S.K.: 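Questions regarding the structure given below will be posed in turn.
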Amino acid sequence: MKYNFSEIEKKWQDRWDAEGAFRAADPGEAGSEKKKFYALVEFPYPSGAGMHVGHIKAYSGLEVVSRKRRMEGYNVMFPMGFDAFGLPTENYAIKTGMHPRAVTDKNIEKFTSQLRRVGFAFDWNRVVDTTEEDYYKWTQWIFLKMFEAGLAFRDTALVNYCPSCKVVLSNEDSQGGKCDICHSDIIQKSKDVWYLRITEYADKLLFGLDGVDYLPNIKQQQVNWIGRSEGAFVNFTLTGKEDKLRIYTTRPDTLFGVTFMVMAPEHPLIDKYADSINNMADIEAYRTECAKKTEFERTQLVKEKTGVRIDGLTAINPINGKEIPIYIADYVMMGYGTGAIMAVPAHDTRDFEFARKFGIDVIEVIKGGDIEKEAYTGDGEVVNSGFLNGYNNKKDSIRRAIEELQKLGTGEGGVQYKMKDWAFNRQRYWGEPIPIVHCPHCGMVPVPYEELPLRLPNMTEFAPGQGGESPLARIEEYVNCTCPKCGKPAKRETDTMPQWAGSSWYFLRYIDPKNNDALADRAKLDYWLPVDWYNGGMEHVTRHMIYSRFWHKFLYDIGAVPTAEPYAKRTAQGLILGPDGDKMSKSKGNVVDPNDVVNEFGADVLRTYILFMGDYGSAAPWSESSVKGCKRFLDRVADLYDIAKGSGATAELESAFHKTIKKVSEDYEAMKFNTAIAALMGLINDIFDHGSLTRDELSVFIKLLCPVAPHLCEEINEKLGNKKLLSLSEWPTYDEAKTIDSTVEIAVQVNGKLRGTIMLPVDCPKDDAIAAAMADERVAAAIEGKTVIKQIAVPNKIVNIVVK
RNA sequence: GCGCCCGUGGCGGAAUUGGCAGACGCGCAAGAUUUAGGAUCUUGUGUUAAUUCGUGCAGGUUCAAGUCCUGUUGGGCGCACCA
């Protein structure tokens, strides 16, 4: 058969479209009685550059699984959409003068046509676009629900700020402590920021992982990101002051080893007691120095400890009444714990370095190391610690210490997380407007639900304002409004939501994309949730995955969705590297454009190669010549049609078919696409060796290959005289008995070295196998003149004869 | 620094519970076909004089180790002064 890919690919894409082949049936519709399968892939950001081969790989995995499941009789939903708010589009718009709306529409159109050309079996009736009013209406709705629940709030925080440009900069725009635009020094400035209180959900996000089927490394990364630690809060009296200095520690059992305290430079108690501090000038100088450092410098460039002793403030150790000095140092962060620590130099590396530099006492309280040389952080017997002396086990001594603190009323057990609250506003145009009104009388007032969506006003200049404020702040008719509560003049919030907002719930909207009354109909949510299988990149395992799990859990708590977890299963694909083995990038010039491959070899070849190139979860370099190998394979598949006349299969080929059906069925489910395709290549080699196959056998072959190379397989199917789409036909089944050969080749080893192979009937008794092995010529030669000590026979696998 | 993962031919990569290492593909070689090139087809292809040696390196467990254990080295990813 002639394989004219460009002709047949277009033809079948149109047919699938015309027949609505991949439309998912909603509850109540015909087809919904089948078992549902909701397969989700991460929707793309529609950049102007168009699709990347990485996109194809990301979608191909579940494309194959969902096509197979459909053929197995599932009601499959495999949707696609666009995560279209964001900076690149806005920057492009600023540069070209086009409106971001127009840029987005253009890019979505481009992506859509590229995705269609690859032949993905998406349900195109369910497309969502996060920038459409009907969509972001519900993003805003969720925000307001969070606001009502106290989970969205405003607070002041330190941000990177360029005093010369008067703009707030992201960490990326302020690397090295210099402004990316004018190269002047960046300072840390307090600014009002919107937060979502994700920390409130830390435990739910952590413990929810027990009930989901994510790849182990994905779970591990989420666990690390949440960063739960157990310890204690301890209140140290400030000598002669009313306030207590509250600290967090994971080792309250080392309290007797505390020789100083450290506060973060920004700690509020410093200002409160400025009058009592004798060296306030030194402290201010140190603070200014710290404020210059970006978050990057402060955390990444670990170097010598710095700090200043606070002259005039001391603390009292509640456990032994000792008076100890207090320092400020930037190795203590305001953003973690309480912004102050008790320092135990004998058993903490950082405290040890600091104590060495400032000549502070080091008191050993846990035996096991040499505290003259370095901090000992291991376990051991507690010493020099009063009532804690003699404990040998961290768990017990910590428990005892917490009990004692509670008795004294000066501390208690507590939990801390590395995860921080989610800074949720951006001073940009191309994002969802935050639906809040600032009223001088009523404070922050939510825009009433019935007024959603709060639309992005039309404008032509999108560059951020000079003072670091959103471009929306320049539109007076947008900013000036009336308070929904008291009706008096008020001002609208002008910040927008970050990129991560729209993608935090898109999988819910696919379920009911056109609903005007709810984010999705409840009966449909009940039917489709949870997402059965979600695949995407490792880079989204922490941010996007955690954010969306958070939103979903919140929606669950307010009764808006039926499941506590959004995704039942999560996998990740590996990167496609450039032919040189480096990450693909424009600057290296090693980017492969999927369109070129489709033009030259066809979409089926592109799909086959991407799935065949290596383990789906691992990174693998692109190879032009291997692409040609896949082309050769599909050419041979087309040739199968010409020899599909054979009458009756040989037993040999029949068994090969049954084995392949089994292997391919299992491998697709396990995302082992490379070995599934290898098995089909092996089978086609067997078929050509045999010289012919039956039409039924060809039919089985193309069904197995259909999820990978659907256009070619549909074409062959039609040539075979079938009117029904192959994509909607039944998945082949196999007979387990026929996958087992009647005879097997058994390896025979002598002292663990291979000495020959023998053919034996399947499940041959051990004694017979050993006898047959002993009778083998080469084996006999190898054991000649030696004593047989042991004979091991593993049925259908191996015989090993141990001799001396 | 901490956590996780990975080192297999010239290359990409296969190898259930430990059980014939190198499936499948690329590349390469020889032959066929072709005016030539390209394409296609056939055969061969870890290494060795060998029944040898072979899964980063060094040990160990085992009748048997790519697979399990210990150490080490090289690479990747994540987190990172987290108290």
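Below, chain A is the first sequence line, B the second, and so on; all start at residue 1. Not measured: the values here are computed from a predicted model.
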S.K.: Are A/Y248 and B/A83 close enough that a side-chain N or O sits under 4.0 Å from OP1 or OP2?
M.R.: no

S.K.: When you compare the side chains of A/T259 and A/D361, does any donor N or O come within less than 3.5 Å of an acceptor on the partner?
M.R.: no

S.K.: Look at the side chain of A/V802 and decide which nucleotide, out of B/C63, B/A23, B/A83, has an atom nearest to it.
M.R.: B/C63

S.K.: Could you tell me how far apart A/Q791 (CD) and B/A64 (P) are, to the nearest whole angstrom?
M.R.: 16 Å

S.K.: Using atom C1' in both nucleotides, what's the gap between B/G19 and B/A64 to the nearest angstrom?
M.R.: 7 Å

S.K.: On a whole-Å scale, what distance lies between the C1' atoms belonging to B/C57 and B/U73?
M.R.: 7 Å

S.K.: Distance check, P atoms only: B/U35 and B/G27, in whole angstrom units.
M.R.: 25 Å

S.K.: Can you check whether A/F358 and A/Y327 have ring centres sitting under 6.0 Å from each other?
M.R.: yes

S.K.: What does A/T249 touch in the nucleic acid at a heavy-atom separation under 4.0 angstrom: a base, only the sugar-phosphate, or nothing?
M.R.: sugar-phosphate

S.K.: Would you indicate whether A/K588, at its atom NZ, is surrounded by more than 12 heavy atoms from other residues, nucleotides or ligands within a distance under 6.0 Å?
M.R.: yes

S.K.: Starting from the 5' end of RNA chain B, give me the residue, A/G335 or A/N751, whose nearest nucleotide shows up first.
M.R.: A/N751

S.K.: Aromatic ring centroids of A/F354 and A/F260 under 6.0 Å?
M.R.: yes

S.K.: RNA chain B in dot-bracket, Watson-Crick or G-U pairs under 3.5 Å, [ ] crossing, | other strand?
M.R.: (((((((..(((......[....)))((((((.......))))))(......)..(((((..]....))))))))))))....

S.K.: Taking atom CE of A/M342 and atom CD1 of A/I326, what is their separation to the nearest 0.5 Å?
M.R.: 14.5 Å

S.K.: With a non-hydrogen cut-off below 4.0 angstrom, is A/G629 in contact with a base, only sugar-phosphate, or nothing?
M.R.: sugar-phosphate

S.K.: Once you round it to whole Å, what is the distance between C1' of B/A83 and NZ of A/K305?
M.R.: 12 Å

S.K.: For A/N796 and A/D763, does a side-chain donor sit closer than 3.5 Å to a side-chain acceptor?
M.R.: yes

S.K.: What is the distance, rounded to the nearest whole Å, between atom CH2 of A/W622 and atom P of B/G27?
M.R.: 15 Å

S.K.: Rounded off to whole Å, could you give me the CE-to-C1' distance for the A/M333 and B/C79 pair?
M.R.: 14 Å

S.K.: Determine the Euclidean distance between corresponding C1' atoms of B/G46 and B/U40; express it in Å to zero decimal places.
M.R.: 28 Å

S.K.: Would you say the side chains of A/N800 and A/Q791 form a donor-acceptor pair under 3.5 Å?
M.R.: no

S.K.: Can you measure A/D330 atom CG to B/A83 atom P for me and round it to whole angstrom units?
M.R.: 18 Å

S.K.: Taking atom NZ as the centre, does A/K357 end up with more than 12 heavy-atom neighbours from other residues, nucleotides or ligands that are less than 6.0 angstrom away?
M.R.: yes

S.K.: In whole Å, measure the gap between the P atoms of B/G22 and B/U16 for me.
M.R.: 13 Å

S.K.: Testing the 3.5 Å rule here: is there a donor-acceptor pair between the side chains of A/T306 and A/Y286?
M.R.: yes

S.K.: Is the shortest distance from a Lys or Arg side-chain nitrogen in A/R287 or A/E289 to a carboxylate oxygen in the other one below 4.0 Å?
M.R.: no

S.K.: Can you pull every protein N or O that's under 3.5 Å from an N or O on nucleotides 38-42 of chain B?
M.R.:
{"residue": "B/U40", "atom": "OP1", "partner": "A/R632", "partner atom": "NE", "Å": "3.1"}

S.K.: When you compare the protein's N or O atoms with those of nucleotides 48-53 of chain B, which come within less than 3.5 Å of each other, and at what distance?
M.R.:
none

S.K.: Using the C1' atom in both, what is the distance from B/G18 to B/C28, to the nearest Å?
M.R.: 35 Å

S.K.: A/Y336 vs A/Y248 aromatic rings, parallel, tilted or perpendicular, using cut-offs 30° and 60°?
M.R.: perpendicular

S.K.: Mind checking A/D351 for me? I need base, sugar-phosphate or nothing, with any heavy atom below 4.0 Å counting as a touch.
M.R.: nothing

S.K.: Within this structure, what is the CD-to-C1' distance between A/E230 and B/A83, rounded to whole angstrom?
M.R.: 15 Å

S.K.: In whole angstrom, what separates A/I546's CD1 from B/C79's C1'?
M.R.: 13 Å

S.K.: If the C1' atom of B/A23 is compared with that of B/C82, how far apart are they to the nearest Å?
M.R.: 48 Å

S.K.: Under 4.0 Å, heavy atoms only, any strand: does A/E745 hit a base, just the sugar-phosphate, or nothing?
M.R.: base

S.K.: Could you go through nucleotides 73-78 of chain B and list every protein N or O atom that sits under 3.5 Å from one of its N or O atoms, giving the distance for each pair?
M.R.:
none

S.K.: Treat primed atoms plus P, OP1 and OP2 as sugar-phosphate and everything else as base, then score nucleotides 6-19 of chain B 5' to 3': B for base contact with protein heavy atoms under 4.0 Å, S for sugar-phosphate contact only, - for none.
M.R.: ------BSSS-B-B

S.K.: Can you name the residues that form a side chain to side chain contact (heavy atoms under 4.5 Å, CB included) with A/R251, not counting sequence neighbours?
M.R.: A/T249, A/D253, A/T254, A/I366, A/K394, A/I398

S.K.: Determine the interatomic distance between P on B/A30 and the same-named atom on B/U67; round to the nearest Å.
M.R.: 38 Å

S.K.: Return whichever of A/N217 or A/A747 has its heavy-atom-nearest nucleotide of RNA chain B closer to the 5' end.
M.R.: A/N217

S.K.: Can you tell me if A/R350 touches the phosphate of B/G1, counting only side-chain N or O atoms and a distance under 4.0 Å to OP1 or OP2?
M.R.: no

S.K.: Starting at NZ of A/K357 and ending at P of B/C81, how long is that distance when rounded to a whole Å?
M.R.: 18 Å

S.K.: For A/Y3 and A/D639, does a side-chain donor sit closer than 3.5 Å to a side-chain acceptor?
M.R.: no

S.K.: Between A/K662 and A/E669, is there a salt bridge with N-O shorter than 4.0 Å?
M.R.: no

S.K.: Using distance alone, with no hydrogens and no angle criterion, decide if A/H544 and A/E42 have a side-chain donor and acceptor under 3.5 Å apart.
M.R.: no

S.K.: Could you go through the side chain to side chain donor-acceptor pair (under 3.5 Å) check for A/Y331 and A/D351 one step at a time?
M.R.: CA-CA 9 Å; A/Y331 82 90; A/D351 297 346; 2.7 Å; yes

S.K.: If the glycosidic angle is within 90 degrees of 0 it's syn, otherwise anti, so just tell me which one B/G66 is.
M.R.: anti

S.K.: Check whether the side chains of A/T199 and A/D421 place a donor and an acceptor atom closer than 3.5 Å, and report yes or no.
M.R.: yes

S.K.: Can you tell whether the side chains of A/K373 and A/E364 come within less than 4.0 Å, N to carboxylate O?
M.R.: no

S.K.: Please check if the distance between the ring centroids of A/Y195 and A/W422 is under 6.0 Å.
M.R.: no

